[in-house]
Amino acid sequence: QEDFYIGNDGGVYRSNWNYFTAISRNHGYHVTQFYGGDFGQGTNVAIGGTQDNGTYKVKPAGDDKCGKNDGGYVQRHRSKPHIAYRQHQRISSRRPKIMYKIKDFNSSDASNGGPIPFPPTASTDEGSNWNKVTSGTVTGIKAIGLSNDGVPTMYFGGTNGKFYRQDNAIYTGITSHNLTSTLPMALRGDHISWIRVHPKDRTTAYISFSDIEPRSRVYKGKNLNTGSPTWTAIGGDLPSELPVNCIEVDPENPDDILFA
């Protein structure tokens with residue numbers, strides 16, 4: 001009768017009145033909320049950040065924890081798969097989430113690489129230093145997508161349908177192109193949750209929305225290097241009001257797209 005159970009936004013935990021240490025009982029309890037995930041090309045290991053349950057490496061042999069508390073968005077290095085980046089919220093809920101660099105993805109040796117300044121910033125030395133790449137300040141940014149180029153094109157957006165294109169995104173102080181007005185009128189007040197650029201075409205991108213609205217929550221934009229891009233709803237037979245929080249495009253078969 002000394003044991004008791006706790007239920008919260010992180011799942012189910014067991015504790016004891018004599019020693020207040022919460023022991024996770026979430027193994028096999030498949031309700032963990034993932035904020036984001038990523039994988040390394042040519043590898044069978046993925047990484048994901050979860051609500052209140054840390055950051056995990058997901059591999060065929062099982063899962064390994066490589067970050068505690070609240071996880072967040074994650075990213076594998078595209079050309080150096082042994083390097084990954086993870087987001088982590090400090091103990092105080094009032095403090096912003098910060099980024100960590102996992103220097104050796106195999107051993108989960110994480111070092112503090114943040115906080116990263118805003119607005120959108122870029123690093124050319126694997127996260128040791130960050131530089132502002134936009135000439136102005138844009139608030140409410142929630143999603144960033146990069147083209148698969150040595151000098152990438154960056155798209156970023158967020159609240160109220162804000163959507164921008166940034167050319168030559170590794171250089172600083174370049175003017176951003178505001179593409180918000182090119183979105184269909186009904187989307188200009190919605191919340192952009194994810195942006196993924198076509199792996200073989202920097203002028204094409206996919207964006208998702210996390211609002212509950214009676215319209216498609218996923219769109220494909222083409223000719224985004226012009227002032228008059230075209231937008232097509234690609235939600236298919238997904239429920240029209242179902243929020244979409246993440247998009248992944250198969251790098252080998254870009255017509256295959258995953259929504260979450």
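Everything numeric here is computed off the predicted structure, so don't read it as measured data.
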Kindly indicate whether the side chain of [X], heavy atoms from C-beta on, has any atom under 4.5 Å from the side chain of [Y].
X	Y	answer
Arg202	Asp149	yes
Arg215	Asp190	yes
Asn16	Phe4	no
Pro199	Val249	yes

Hey, is the main chain of [Y] close enough, under 3.5 Å, to the side chain of [X] for a donor-acceptor pair?
X	Y	result
Asn253	Asp255	no
Arg188	Leu183	yes
Asp211	His191	yes

Self-check item: From CA spacing to verdict: side-chain contact (heavy atoms from CB on, under 4.5 Å), Ile257, Ile247
Solution: CA-CA 7 Å; Ile257 306 171; Ile247 303 172; 3.7 Å; yes
Interatomic distance, [X] atom [atom1] to [Y] atom [atom2] [nearest 0.5 angstrom]:
X	Y	atom1	atom2	value
Thr204	Asn223	OG1	CG	7.0 Å
Leu187	Ser216	CG	OG	8.0 Å
Lys142	Ser193	NZ	OG	12.0 Å
Leu146	Ile195	CG	CD1	10.0 Å
Asn148	Lys200	CG	NZ	10.0 Å
Arg217	Asn245	CZ	CG	11.0 Å

Provide the closest heavy-atom pair for [X] versus [Y] in the form atom of the first, atom of the second, distance.
X	Y	result
Tyr13	Ser24	CD2-CA, 3.5 Å
Ile47	Thr55	CG1-CG2, 3.8 Å
Ile170	Pro152	CG2-CD, 3.7 Å
Val74	Gly37	CG2-CA, 3.6 Å
Pro214	Glu241	CA-CG, 3.7 Å
Asp250	Glu252	OD1-N, 2.9 Å

Exercise. Using a cut-off of 6.0 Å, state whether more than 12 heavy atoms not belonging to Ile212 lie near its atom CD1.
Key: no
If Ile, Leu, Val, Met, Phe, Trp and Tyr residues are connected whenever their side-chain heavy atoms lie under 4.5 Å apart, and connections chain through other members, are [X] and [Y] in the same group?
X	Y	value
Trp17	Ile6	yes
Val244	Phe34	no
Ile207	Tyr164	no

Quiz item: Would you call the rings of Phe209 and Tyr219 parallel, tilted or perpendicular, where under 30° means parallel and over 60° means perpendicular?
Solution: perpendicular
Exercise. Determine the interplanar angle of the Phe163 and Tyr155 rings, folded into 0 to 90°, and report it as parallel if under 30°, tilted if 30 to 60°, perpendicular if over 60°.
Key: parallel
Quiz prompt | Lys220 vs Trp231, side-chain contact (heavy atoms from CB on, under 4.5 Å): CA-CA, chis, key distance, verdict | solution = CA-CA 6 Å; Lys220 178 180 181 180; Trp231 293 96; over 6 Å; no
Quiz item: Any salt bridge between Lys222 and Asp201, counting N to O under 4.0 Å?
Solution: no
Quiz item: With a 6.0 Å cut-off on ring centres, are Trp194 and Phe259 close enough?
Solution: no
Exercise. Report yes or no: do Asp38 and Gln75 form a side-chain donor-acceptor pair below 3.5 Å?
Key: yes
Quiz item: Can Asp167 and Met154 be said to form a side-chain contact (heavy atoms from CB on, under 4.5 Å), step by step?
Solution: CA-CA 6 Å; Asp167 299 319; Met154 176 177 68; over 6 Å; no
Quiz prompt | Stepwise side-chain contact (heavy atoms from CB on, under 4.5 Å) test for Arg165 and Thr153 | solution = CA-CA 7 Å; Arg165 186 187 82 241; Thr153 295; 3.7 Å; yes
